[in-house]
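Below is one structure, written out as structure tokens; the observations come after it.
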Amino acid sequence: MNSLTNQQQRVLSGMRPTGSLHLGHYHGVLKNWIKLQHEYECYFFVADWHALTTHYEDSHVIQESVWDMVIDWLAVGVNPGSATLFIQSKVPEHAELHVLLSMMTPLSWLERVPSYKDQQLKLKERDLGTYGFLGYPLLQSADILMYKAGLVPVGEDQVAHVELTREVARRFNHIYGREAGFEVKAEAAVKKMGKKNSKLYNELRKSYQEKGDAEALEKGKALLDTQQNITLGDKERLFGYLEGSGRIILPEPESILTPASKMPGLDGQKMSKSYGNTIALREDLDVIEKKLRTMPTDPARVRKTDPGDPEKCPVWNLHQVYSDEETKSWVKEGCRTASIGCIDCKGPIIDAVKAELTPIHERAKEFEADRDLVRSIINEGCDRARDVAKQTISEVRQVMGLEYS
Ligand code: TRP
Ligand code: SF4
């Protein structure tokens, strides 16, 4: 595995600005981000250029969606003190890396990404026979490689994009990691670690390269992580030298599959804007209560005296998300014996959703009232992200011979 272990601790993920987020996003992606932000160095960004790949004809709606989404992130507890939050197009280095990667990415790699054909079929009403749409998984690769992210939380549909990213990184390192005098430079870098560490490094390298000892490889990487006195370039050489490859400029990321949201929509299907079955995070509590009260139940329960089957009822799916065992037993028993009505059954759900959303609404109100604060959080995040991006771009230009200085 070609990766810089210390940077495996860096997490990057992006979300298309689709406007206000709903409980499906919260119980899937966002809760996961909130957990990750305490465990890793996280970069979360608004993928506004990605939105353009399918919505180039109504680009003007993207802007409001961006702010709505950011406010939702902040309201649920994505914390700008822990994670760097930014907007893709505010870090134009992403475009530069995309164009440079595009030069060495075979067309066939993009054509065989499953989402390419799938989405074209699914979104038939849009003309997705564009250059941008074909290239968007590579734009995603640029997003990821820019931060040398080790871990990329994504849904199932995006795993193939991370896989493409790994192939692109490998190809890039293969082509541009072969600098003149690599071995000599690597040997010199080994010496810079000091006597004891150099010896250990050489032993681990030998164990890995001669015997394929994977543990030695891991130990070698860990050793490199602790080195404070060598330059980034030397570190990249030493990682590559350890593994028997060239310099590793862009480490390969891994995807971490976001646990599928168990949050069902109001009709029992997956919660999704396109099904019109959502509860938005900032929706009015009275409206939500009404939606829940009127949501469909087991059709067998025409009258309150008709027994029902929770397995045939979308409300039961909501109990899976919100209710404890005791409540669930009460539902099963009460539904099957017709001793409770559907409105009774929905009571604990209504309470739980309200309790969940109340603090989110309170925080959202503060951000809605202080747009300057939201803007400054994002500006600060963009600056931080841009510092990292500039550094990567400068390295990329250097190894490609585009530095001109
Ligand atoms: N393509 C992703 C989506 O449609 C969003 C995205 C863009 C992304 N760049 C990324 C996700 C980089 C993870 C990493 O959902
Ligand atoms: Fe569904 Fe509850 Fe009504 Fe049974 S009692 S049909 S589980 S809402």
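Every number for a ligand or one of its atoms is a count from 1 in the order of the listing.
Side-chain contact annotation: E356 with Y322, donor-acceptor N/O pair under 3.5 Å present. Counted by atom type alone, D324 and T327 present one or more donor-acceptor pairs between their side chains at under 3.5 Å.
Under 2.8 Å from atom 4 (Fe) of ligand 2, one finds the following protein N/O/S atoms: C335 SG.
Evaluation of the side-chain hydrogen bond (donor to acceptor under 3.5 Å, both in side chains) rule for T337 yields S339 as partners, not counting sequence neighbours.
Ring centers of W73 and F44: at least 6.0 Å apart, outside the cut-off.
Rounding to the nearest 0.5 Å gives a distance of 8.0 Å between OG of S272 and NE2 of H25. Considering CH2 of W109 and CZ of R112, their distance stands at 7.0 Å, rounded to 0.5 Å. One distance of note links CZ of F86 with CZ of R386; it measures 12.0 Å at 0.5 Å rounding.
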Less than 3.5 Å apart, N/O on ligand 1 and N/O on the protein: could you list those pairs with the distances?
{"residue": "ligand 1", "atom": "1 (N)", "partner": "Q140", "partner atom": "OE1", "Å": "3.0"}
{"residue": "ligand 1", "atom": "1 (N)", "partner": "Q158", "partner atom": "OE1", "Å": "3.0"}
{"residue": "ligand 1", "atom": "4 (O)", "partner": "R16", "partner atom": "NE", "Å": "2.9"}
{"residue": "ligand 1", "atom": "9 (N)", "partner": "D143", "partner atom": "OD2", "Å": "2.7"}

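For the pair K346 (side chain) and M295 (backbone), a donor-acceptor distance under 3.5 Å is present.
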Can you give the donor-acceptor pairs under 3.5 Å from side chains of residues 178-189 to other protein atoms, not counting sequence neighbours?
{"residue": "R178", "atom": "NE", "partner": "H174", "partner atom": "O", "Å": "3.1"}
{"residue": "R178", "atom": "NH2", "partner": "H174", "partner atom": "ND1", "Å": "3.4"}
{"residue": "E179", "atom": "OE1", "partner": "R237", "partner atom": "NH2", "Å": "3.2"}
{"residue": "E179", "atom": "OE1", "partner": "R247", "partner atom": "NH1", "Å": "3.4"}
{"residue": "E179", "atom": "OE2", "partner": "R237", "partner atom": "NE", "Å": "2.4"}
{"residue": "E187", "atom": "OE2", "partner": "Y241", "partner atom": "OH", "Å": "2.4"}

